[in-house]
> 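Can you keep this structure in mind? I'll have questions shortly.
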Protein chains: 2
Amino acid sequence: MPGPVKPQRESLELVVLGVLSEEPLYGYCIIKRVAARSEHAIRLTAGVLYPLLHELEAARLITSTWETVRSERAGESSAGRKRKWYHITARGRRRLHQRITAHRAFQSMIEAFFPPPADEEAAT
Amino acid sequence: MPGPVKPQRESLELVVLGVLSEEPLYGYCIIKRVAARSEHAIRLTAGVLYPLLHELEAARLITSTWETVRSERAGESSAGRKRKWYHITARGRRRLHQRITAHRAFQSMIEAFFPPPADEEAAT
DNA sequence: TGACAATACATCGAAAGCCGATATATTTGG
DNA sequence: CCAAATATATCGGCTTTCGATGTATTGTCA
């Protein structure tokens, strides 16, 4: 059973694992993508994301690899900007499916409380 | 429009207003009903519910009336057990609809992230 | 009849979670 | 050259959470 309802963190975990299930991304990119996808309905800020990412990694739900991007102008001489790419693990995918299941369970209960009034002629 | 994702409290508010939208109930009864309906997926305890109920009342989303239940055995002589019945207000119903809308918006976004495939293998 | 479980309402405080502010560094655009 | 964007990260004050606890009445069962 989907564990008890827990704080926002669970929703955020779901969303982050969700976007990473499609393709590897780095933090800043995750923020932009989630904002765009949700039309800013989901507020995922750096102060929330990075600690979450670190937790997720500690729990081995994701792994990370550094990339150094050098500018064309500066070339080899520059230190380069660093990006940390995150990849979802098999364990992470299992967790994601759990979260999705849990979320859908909650959702179906909500819908059980409040059946969408598509057809009001539906007999009981 | 559904504001940013907020803590668990919002989900609980949704659930509580939801059960009260069907009929008036008293606290203890709300706890039992939500547990039963959600098959214990939603953990709504006394320590969480009563403060929430008081907030909801302060916000005029619900109103309350006391009932004194006397035991048949003891009859008039007993002090009686007290029950506080809660009723949803018109304002409460409006709030409920807002919450449902917000929840569905979040839900549909989740489903956009993860379109429910007929069947898929979790292999790799 | 006595004891224990269930009913019923309620508060409190430790712990956890949230998120804006802040820090550092590089690259891009004007 | 400078401001804005890119990119990662931490910190601390504030809010939220919920288990523990308190009080009281009623129901059950030996």
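Residue numbering restarts at 1 for every chain, and letters A, B, ... go by the order of the sequence lines.
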> When the distance from NE2 of A/His40 to P of C/dC19 is rounded to whole Å, what number comes out?
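So the two atoms are 16 Å apart, to the nearest Å.
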> Closest approach to the side chain of A/Arg9, judged atom by atom: which nucleotide of C/dC18, D/dT8, C/dA8 is it?
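The closest nucleotide is C/dC18.
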> Say you draw a straight line from CD1 of B/Ile100 to OG of B/Ser21; how long is it, rounded to the nearest 0.5 Å?
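Interatomic distance, B/Ile100 CD1 to B/Ser21 OG, rounded to 0.5 Å: 7.0 Å.
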> For B/Val69 and A/Lys82, find the nucleotide of DNA chain C closest to each by heavy atoms; which residue's nucleotide sits nearer the 5' end?
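Counting from the 5' end, the first nearest nucleotide belongs to B/Val69.
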> Within this structure, what is the CZ-to-C1' distance between A/Arg83 and C/dT28, rounded to whole angstrom?
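It works out to 13 Å between those atoms.
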> When all nucleic acid strands are considered with a 4.0 Å heavy-atom cut-off, which category describes B/Trp85: base, sugar-phosphate, or nothing?
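If one applies the 4.0 Å heavy-atom cut-off, B/Trp85 turns out to touch nothing in the nucleic acid.
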> Parallel, tilted or perpendicular for B/His103 and A/His103, by the 30°/60° rule?
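The arrangement is parallel - the two ring planes meet at less than 30°.
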> Taking the side chain as every heavy atom from C-beta outward, state whether B/Thr63 and B/Tyr86 have any pair of such atoms under 4.5 Å apart.
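No, their side chains stay 4.5 Å or more apart.
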> For a quick test of reading the model, state the closest non-hydrogen atom pair linking B/Arg95 to B/Leu17 and the distance between them.
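Heavy-atom minimum between the residues: CG-CD1, 3.8 Å.
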> Does the side chain of B/Ile30 reach to within under 4.5 Å of the side chain of B/Leu20, using non-hydrogen atoms?
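They are in contact (side-chain heavy atoms under 4.5 Å apart), so the answer is yes.
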> Go through residues 44-57 of chain B and report each residue with a non-hydrogen atom lying under 4.0 Å from DNA chain D, sorted by number.
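Of all residues in residues 44-57 of chain B, the ones placing a heavy atom under 4.0 Å from DNA chain D are B/Thr45, B/Gly47, B/Val48.
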> I would like to know whether B/Glu111 and B/Phe106 meet side chain to side chain contact (heavy atoms under 4.5 Å, CB included); could you show each step before the answer?
CA-CA 9 Å; B/Glu111 296 299 341; B/Phe106 180 75; over 6 Å; no
> I need the CZ-P distance between A/Arg70 and C/dT26, as an integer number of Å.
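Going from A/Arg70 (CZ) to C/dT26 (P), I get 12 Å.
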> Indicate, yes or no, whether a donor-acceptor pair under 3.5 Å links the base of D/dT6 to the side chain of A/Arg81.
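Counting by modelled atom types and ignoring angles, a donor-acceptor contact under 3.5 Å is found here.
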> Does B/Arg43 put a side-chain nitrogen or oxygen below 4.0 Å from OP1 or OP2 of D/dC18?
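No, B/Arg43 has no side-chain N/O under 4.0 Å of OP1/OP2 on D/dC18.
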> Please give, in whole Å, the distance from D/dT15 C1' to B/Glu10 CD?
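So the CD-C1' distance, B/Glu10 to D/dT15, works out to 13 Å.
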> Starting at OH of B/Tyr86 and ending at P of C/dA8, how long is that distance when rounded to a whole Å?
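One finds 14 Å between P of C/dA8 and OH of B/Tyr86, rounded.
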> Any heavy-atom pair between the side chains of A/His87 and A/Ile62 that's under 4.5 Å?
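The answer is no; the side chains never approach within 4.5 Å.
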> Of the listed nucleotides (C/dC9, D/dA7, C/dG20), which one gets closest to any side-chain atom of B/Tyr26?
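Nearest to the side-chain atoms of B/Tyr26, counting from C-beta on, is C/dC9.
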> Would you mind reporting whether B/Arg81 and B/Arg70 have side-chain heavy atoms less than 4.5 Å apart?
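SC-SC contact between B/Arg70 and B/Arg81 ruled out.
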> Taking the side chain from B/Thr68 and the backbone from B/Lys82, do they hold a donor-acceptor pair closer than 3.5 Å?
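No: the side chain of B/Thr68 does not pair with the backbone of B/Lys82.
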> Return the value, rounded to whole Å, for the distance between atom CH2 of A/Trp66 and atom P of C/dT26.
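Atom CH2 in A/Trp66 sits about 13 Å away from atom P in C/dT26.
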> Does anything in residues 28-35 of chain B come within less than 4.0 Å of DNA chain D? Heavy atoms only, and list the residues if so.
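Within residues 28-35 of chain B, no residue comes under 4.0 Å of DNA chain D.
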